[in-house]
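Given the structure is predicted, the values throughout are model-derived calculations rather than measurements.
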Amino acid sequence: MVCFSHLRWDFVFQRPQHLFTRFAAERRVFFIEEPVRHSAGRPYLDVAPRSDGLHVVVPHVPASLDAWRVNAVQQRLLTKLLKSANIDRYVAWYYTPMALGFSRHLDPDVIVYDCMDELSGFKGAPPTLLDHERELISRADVVFTGGQSLYEAKRHLHPNVHAFASGIDRAHWDQARRPLPEPADQASIPRPRIGFAGVIDERMDIDLLRAIAEGRPDWHFVLLGPVVKIDPASLPQLPNLHFLGQKPYEELPAYMAHWQAAVLPFARNEATRFISPTKTPEYLAAGLPVVSTSIRDVVRSYGEQDLVRIADEPGPFIAALAAAMTGDGAEAQRWERIDRFLADLSWNKTWEAMKRHIELARAHRRKTDHPVRYHERRVRQTAF
């Protein structure tokens with residue numbers, strides 16, 4: 001499995017890490033990150049084994065190279081990697097269409113596009129991203145999406161598209177439902193504590209967060225995760241807002257075990273239009289009541305079933321949090337429904353289902369000597 005990712009392996013532990021640790025148990029995985037620029041020296045690949053079967057590959061290229069030359073260098077390095085590692089039959093798995101710039105010469109058994117986010121809506125997206133995505137979809141044998149909204153946006157572009165929303169590692173998050181030692185940097189924060197764990201970027205509604213914190217100065221908000229693509233100085237500085245930074249995945253249950261609720265305070269913008277937050281089922285699996293803004297996939301999958309409370313404005317959001325923390329007469333029944341819902345979510349199930357689609361795509365390519373594709377002309381003419 002050769003994966004091309006815009007996310008680094010040691011970033012927040014999410015969909016790619018969940019899936020590829022499982023794939024690595026059965027086959028070799030080479031997880032290729034975006035390049036690191038350095039001031040001088042020759043380009044090279046840093047290939048680091050992380051576990052049995054899993055290798056994280058980081059290209060290092062001179063900072064002086066323009067985009068065309070960076071792609072040319074990466075193509076040479078990639079070809080050398082495949083040869084030196086004796087990789088001749090493999091699946092090419094794309095999280096970023098931009099990787100086509102140095103990998104379109106490859107001839108894998110199967111091409112997978114796992115569209116986990118609508119990257120074109122993110123801050124700083126390359127202007128050529130949509131062109132590369134059209135090309136990748138025309139080449140792909142199978143397309144996965146990170147949620148139902150993305151599926152609906154992409155399903156007309158390819159005949160073999162499948163929605164796979166976030167799974168959960170239930171045993172991992174169940175730990176938070178039991179007493180766990182308190183992390184030292186959280187121990188002195190007063191209760192009640194309301195938490196968020198994830199990337200803090202342009203998708204977060206900073207104004208909403210500020211208004212909620214100002215509206216309830218007796219509540220304390222614990223935010224875990226890296227701050228990226230926004231100025232940290234733009235974050236509200238209030239005595240009841242606690243930004244504790246990124247934490248290892250293994251430590252998150254210990255933090256959540258001492259929260260009273262969790263929030264998804266996402267803005268409603270182009271970056272969040274198609275998101276299906278991984279944290280929604282993880283918070284619930286940790287035993288935390290959840291309040292979210294009206295992100296479409298959260299509303300349809302969780303809000304409409306009354307598994308998660310939905311609010312967009314500060315007043316209703318505060319009221320929803322108060323109700324979530326105090327509970328009501330239907331709380332026991334709500335948690336029974338939540339646990340029944342979570343029983344069907346599993347990264348293992350997602351991984352097994354994806355493998356079946358990959359094998360079907362492989363069999364189709366062997367039988368017909370070409371991948372499952374729309375006619376290239378039709379793809380070019382379809383508006384995104």
Sub-3.5 Å donor-acceptor pair from the side chain of [X] to the main-chain atoms of [Y], do we have one?
X: Gln260; Y: Arg193; result: yes
X: Asp297; Y: Gln148; result: yes
X: Asp312; Y: Ser294; result: yes
X: Asn240; Y: Ala213; result: yes
X: Gln17; Y: Gln14; result: yes

All side chain to side chain contact (heavy atoms under 4.5 Å, CB included) counterparts of Ile318, not counting sequence neighbours: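 Partners of Ile318 by the side chain to side chain contact (heavy atoms under 4.5 Å, CB included) criterion, ordered by chain and then number, come out as Ile212, Arg216, Trp219.
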Over 12 foreign heavy atoms within 6.0 Å of [atom1], [X]:
X: Lys355; atom1: NZ; value: yes
X: Asp218; atom1: CG; value: yes
X: Asp231; atom1: CG; value: yes

Audit row: His220, Gln186, side chain to side chain contact (heavy atoms under 4.5 Å, CB included) steps and yes/no: CA-CA 11 Å; His220 287 261; Gln186 183 177 264; over 6 Å; no
Once the angle between the rings of [X] and [Y] is folded into 0 to 90°, is it parallel (under 30°), tilted (30 to 60°) or perpendicular (over 60°)?
X: His18; Y: Trp347; result: parallel
X: His357; Y: Phe164; result: perpendicular
X: Tyr95; Y: Phe20; result: perpendicular
X: Phe13; Y: Tyr249; result: parallel
X: His162; Y: Phe144; result: tilted

Roughly how far, to the nearest 0.5 Å, is the [atom2] atom of [Y] from the [atom1] atom of [X]?
X: Arg22; Y: Leu54; atom1: CZ; atom2: CG; result: 13.0 Å
X: Arg155; Y: Leu157; atom1: CZ; atom2: CG; result: 11.0 Å
X: Asp52; Y: Thr21; atom1: CG; atom2: OG1; result: 12.5 Å
X: Phe196; Y: Leu264; atom1: CZ; atom2: CG; result: 7.0 Å
X: Ile32; Y: Leu77; atom1: CD1; atom2: CG; result: 10.0 Å
X: Phe122; Y: Asn269; atom1: CZ; atom2: CG; result: 9.0 Å

Full working for side chain to side chain contact (heavy atoms under 4.5 Å, CB included) between Ile189 and His258: CA-CA 10 Å; Ile189 297 174; His258 301 276; over 6 Å; no
Taking [X] first and then [Y], would you say they form a salt bridge - that is, a charged N and a carboxylate O separated by under 4.0 Å?
X: Arg300; Y: Glu152; answer: yes
X: Arg365; Y: Asp141; answer: yes
X: Glu118; Y: Arg296; answer: no
X: Lys279; Y: Glu282; answer: yes

Heavy atoms, side chains only, cut-off 4.5 Å: are [X] and [Y] in contact?
X: Tyr302; Y: Leu284; result: yes
X: Glu214; Y: Leu241; result: no
X: Pro314; Y: Leu208; result: yes
X: Tyr283; Y: Val308; result: no
X: Val61; Y: Arg37; result: yes
X: Ile338; Y: Phe341; result: no
X: Arg139; Y: Leu100; result: yes
X: Phe274; Y: Thr145; result: no

Check against side chain to side chain contact (heavy atoms under 4.5 Å, CB included), Ile206 and Leu235: CA-CA 7 Å; Ile206 300 300; Leu235 299 174; 3.5 Å; yes
Steps toward side chain to side chain contact (heavy atoms under 4.5 Å, CB included) verdict (Thr280, Ser166): CA-CA 9 Å; Thr280 315; Ser166 300; over 6 Å; no
Working for salt bridge (Lys or Arg N to Asp or Glu O under 4.0 Å), residues Arg334 and Glu331: CA-CA 5 Å; Arg334 178 180 287 111; Glu331 202 66 16; 2.5 Å; yes
Worked check of salt bridge (Lys or Arg N to Asp or Glu O under 4.0 Å) between Arg191 and Glu182: CA-CA 13 Å; Arg191 298 171 188 257; Glu182 178 111 45; 3.6 Å; yes
Residues which pass ring-ring contact (aromatic ring centres under 6.0 Å, His included) with Phe11, listed by chain and number, not counting sequence neighbours: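 Residues passing ring-ring contact (aromatic ring centres under 6.0 Å, His included) with Phe11: none at all.
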Heavy-atom closest pair, residues Leu288 and Trp259: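 It is CD2-O, 3.5 Å.
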Compile the donor-acceptor pairs under 3.5 Å between side chains in residues 68-76 and protein atoms, sequence neighbours left out, one pair per line.
{"unit_1": "Arg69", "atom_1": "NH1", "unit_2": "Asp66", "atom_2": "OD2", "d": "2.7"}

Intermediate values then yes/no, salt bridge (Lys or Arg N to Asp or Glu O under 4.0 Å), Arg362 and Glu359: CA-CA 5 Å; Arg362 188 199 306 270; Glu359 290 307 315; 3.2 Å; yes
